Amino acid sequence: MGSRITVADAIGRTVAALGAAHIFGVVGSGNFHATNAAIAAGVPFTAARHEMGAATMADAFSRATGRVAIVSVHQGCGLTNALTGITEAAKCHTPILVLTGDTAAGDTTSNFHIDQDAAVLAIGATPARLRSASTAIADTADAFRLALHERRTVVLSMPVDIQDELVEWDDALVPTVGAHVPRAAAADATARLVELLAGAERPVIVGGRGAWGAKAQLRRLAAASGALLTTSAAARGLFVGDDWALDVMGGFATEGAARLIADADVIVGFGVAFNGWTTRSGALVERTTVVQVDDREEAIGRYRPVDLAVLGDAALVAAAVADALEASGARTGYRRPDIRERVQAVRYWKDQPFEPHEEAGRVDAQTLVNALDDLLPLERVVVPDGGNVNCYAGAHLRVPDEQGYCIPLSFQAIGMGLAAGIGAGVAQPHPLAVVGTGDGAFMMSLVELDTAVRLGLGMVVIVFNDEAYGAEVNLFQRDTARLDTVRFPETDLAAIARGYGCDAITVRGLEDLAPVVAWLDGPRDRPLVVDAKIVRYPSWMMLRNPSIREGAESPALV
């Protein structure tokens, strides 16, 4: 038998019934009752300290699990505080549902009033809205379905006057969202791809975030076509353990890996955006035939023209093409003994020779991160933050599989690493979450240390501390000596972290890493923050910029 409940309660019950995996939020009057109703219905809840942190946590959680996470925020300012994290999720097609309060219809004099739908649309997310009390359950279910099946970041605005109205409730009133049906490719496009791979001498197959569910099929296709395997940054770890797999394509690739990819005669991308980052501004694909396989028509050719577009599900397309190639006999392709040796040699950054930089009282960042890669257990989830130092955690720390990596850098915002690490840690409690961030990014977001401590998360936060916004120092030091706007006095970040309840150490040399071993051997019931005072010098990533490389004879002292 049904009962009369508020719309707010109905919203919470509806998302729980539809399978919401977790709620991350900051609760105010506009989302209080809906959030509590979802919690009462069994959805776990994590209280963040800032709305951007909540959105970023939900983004990382959904990336790791593939399930719809909920962000719950207050109307107006609560939503605007979350917009940077929501933008990141939208750019990554992360299936999250944002439940945000909204002012009553026509209440334009409220301090909380903004045009929320316009704001959401402007950042590339999908606006949705409660239209009335009578449609509230259906409106919520429609928003959830869009997130789940169309991989959208959906923002559901909940006007506070509608939330207070009463509706009939019965579990049977919640509509089903249906099952996702993978999209099969057209026969002619598949046949053309078979033809290209059959004639290729140096094929490379690239897996992106959209290929997470196609790992086995892609490895089979690569074996049948004689292709090397690699991934976009977003799918790093997808092919770990395959002898013919390079670690990653694009900005984080080693120079040797980039040469192997650039020498390919056919590159086939599955669920990957051939954007400037992945192609190194086109340099890795300018002399090859490029094929893009994606189940979203709008993704095909968005960043660059491609020679063949195949619209379909990655796993279905890969399996169909592998079937055809296997039926016509094995191919050597790129899989020669000399190439296998090169793949093994150039796969990981930690194996590449380099000359460490020196500065008194400071540790070379590359030396440090290579040492930590050996020290920390490989059962980990690596989360790089943005800025000058993103390549150290982003490329040097190896990962165990695709779930062992989360890169919140599609919006190129700094300050998202810590919250993303918390979201990944909540999603996967047993691997060690390892965040690599700069001091500027860390200081923007360190309030979420409180969240990590409350959760008892045993995570490691490596702060590559050059006491500056290092990217800006390196970009502009040749133009001007007026860099005070982007450099800061020395700060004891370890002391700040201890104030939040973390364990923390200061590292100026490798000899200072001994406490990391002790922490690893302990209960790991709180974060360990490593305040690494690094040599102030451009990272190898930034040194690819010719103007920076020419001015890097001496450290970028700040």
Side-chain angles (χ1 to χ4, degrees), residues 93 182-211 214 217-235 238-239 244-246 248-251 253 257-328 331-336 339:
H93 307 285
R183 183 173 191 167
D188 57 342
T190 302
R192 178 62 181 138
L193 179 52
V194 171
E195 181 183 348
L196 281 173
L197 286 174
E201 296 181 356
R202 298 178 305 282
V204 170
I205 290 173
V206 188
R209 184 184 290 112
Q217 293 86 346
L218 291 176
R219 290 185 66 176
R220 181 178 154 226
L221 174 59
S225 60
L228 301 185
L229 287 160
T230 189
T231 73
S232 67
L238 187 63
F239 302 123
W244 298 97
L246 298 164
V248 67
M249 177 178 177
R259 283 192 290 273
L260 283 169
I261 294 166
D263 286 343
D265 56 354
V266 175
I267 292 180
V268 188
F270 287 81
V272 61
F274 284 114
N275 57 28
W277 171 269
T278 302
T279 66
R280 289 199 184 179
S281 300
L284 298 184
V285 296
E286 61 187 4
R287 300 190 309 273
T288 187
T289 298
V290 177
V291 181
Q292 187 175 4
V293 181
D294 207 290
D295 63 358
R296 294 180 304 111
E297 189 171 1
E298 65 271 20
I300 302 289
R302 179 179 180 188
Y303 292 97
R304 59 170 292 108
V306 295
D307 299 289
L308 175 63
V310 182
L311 193 61
D313 175 77
L316 292 180
V317 173
V321 177
D323 287 343
L325 291 173
E326 288 169 350
S328 59
R331 290 159 183 79
T332 299
Y334 224 158
R335 296 191 170 198
R336 307 189 306 268
I339 297 298

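Only this structure's heavy atoms are used, side chains among them; waters, hydrogens and symmetry mates stay out. Quantities reported herein were computed from a predicted structural model and do not represent experimental measurements. Positions are given from 1 along the sequence.
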**Asked** Is it true that a side-chain atom of Asp295 and a backbone atom of Arg183 form a donor plus acceptor pair closer than 3.5 Å?
**Response** no
**Interatomic spacing from OG1 in Thr288 to CD1 in Ile261 - rounded to 0.5 Å** = 11.0 Å
**Asked** Can you tell me if CD on Glu297 sees more than 12 non-hydrogen neighbours from other groups inside 6.0 Å?
**Response** no
**Item:** Gln292 side chain to Ala299 backbone, donor-acceptor under 3.5 Å
**Value:** yes
**Prompt:** If only atom types and distance count, is the side chain of Arg335 paired as donor or acceptor with the main-chain N or O of Ala227 below 3.5 Å?
**Reply:** yes
**Asked** Between the side chain of Arg202 and the main-chain N/O of Asp263, is any donor-acceptor distance below 3.5 Å?
**Response** yes
**Request:** Enter the distance from Ile205:CD1 to Thr231:OG1 here, rounded to the nearest 0.5 Å.
**Result:** 13.0 Å
**Request:** Give the minimum heavy-atom separation between Val266 and Ala200, together with the two atoms involved.
**Result:** CG2-CB, 3.8 Å
**Request:** Drop me the distance from Arg287's CZ to Ile267's CD1, to the nearest 0.5 angstrom.
**Result:** 10.0 Å
**Request:** Determine whether more than 12 heavy atoms belonging to other residues, nucleotides or ligands lie under 6.0 Å from atom CZ of Arg296.
**Result:** yes
**Side chain proximity check, Val321 to Thr190, heavy atoms < 4.5 angstrom** = yes
**Message:** Using modelled atom types and a 3.5 Å cut-off, is there a donor and acceptor pairing between side-chain atoms of Arg280 and backbone atoms of Gly250?
**Reply:** yes
**Residue pair Ala235 / Gly207: nearest heavy atoms and the distance that separates them** = CB-O, 3.5 Å
**Message:** I'd like to check Val285 versus Met249 (side-chain heavy atoms, cut-off strictly below 4.5 Å). Are they in contact?
**Reply:** yes
**Item:** Test item: Leu260 and Thr230 side chains (from C-beta on) under 4.5 Å apart, heavy atoms
**Value:** no
**Request:** Considering non-hydrogen atoms only, spot the tightest contact between Ala198 and Arg331 and give its length.
**Result:** CA-NE, 3.4 Å
**Prompt:** Does any N or O in the side chain of Asn275 come within less than 3.5 Å of the main-chain N or O of Tyr303, such that one atom is a donor and the other an acceptor?
**Reply:** no
**Asked** For Trp277, which residues count as a ring-ring contact (aromatic ring centres under 6.0 Å, His included) partner, sequence neighbours excluded?
**Response** Phe252
**Prompt:** Which atoms form the tightest heavy-atom contact between Leu325 and Ala224, and what is the distance?
**Reply:** CB-CB, 4.0 Å
**Asked** Taking atom CZ of Arg302 and atom CD1 of Ile300, what is their separation to the nearest 0.5 Å?
**Response** 12.5 Å
**Prompt:** Rounded to the nearest 0.5 Å, what separation is found between the CD atom of Glu298 and the CG atom of Leu311?
**Reply:** 9.0 Å
**Request:** Might you confirm whether atom CD of Glu201 has over 12 heavy atoms from other residues, nucleotides or ligands at distances under 6.0 Å?
**Result:** no
**Request:** Identify the heavy atoms of Gly226 and Pro203 that sit nearest to each other, and give their distance.
**Result:** O-CG, 3.7 Å
**Pairs touching residues 217-227 that satisfy side-chain hydrogen bond (donor to acceptor under 3.5 Å, both in side chains), sequence neighbours left out** = Arg219-Asp242, Arg220-Asp323, Arg220-Glu326
**Item:** Leu229 side chain near Trp244 side chain, heavy-atom distance below 4.5 Å
**Value:** no
**Message:** Any non-hydrogen side-chain atom of Leu308 less than 4.5 Å from a side-chain atom of Thr289?
**Reply:** no
**Request:** Please report the shortest heavy-atom distance between Ala318 and Leu218, naming the atom on each side.
**Result:** CB-CD2, 3.7 Å
**Complete:** Taken to the nearest 0.5 Å, the spacing of Asp265 CG from Leu197 CG works out to 9.5 Å
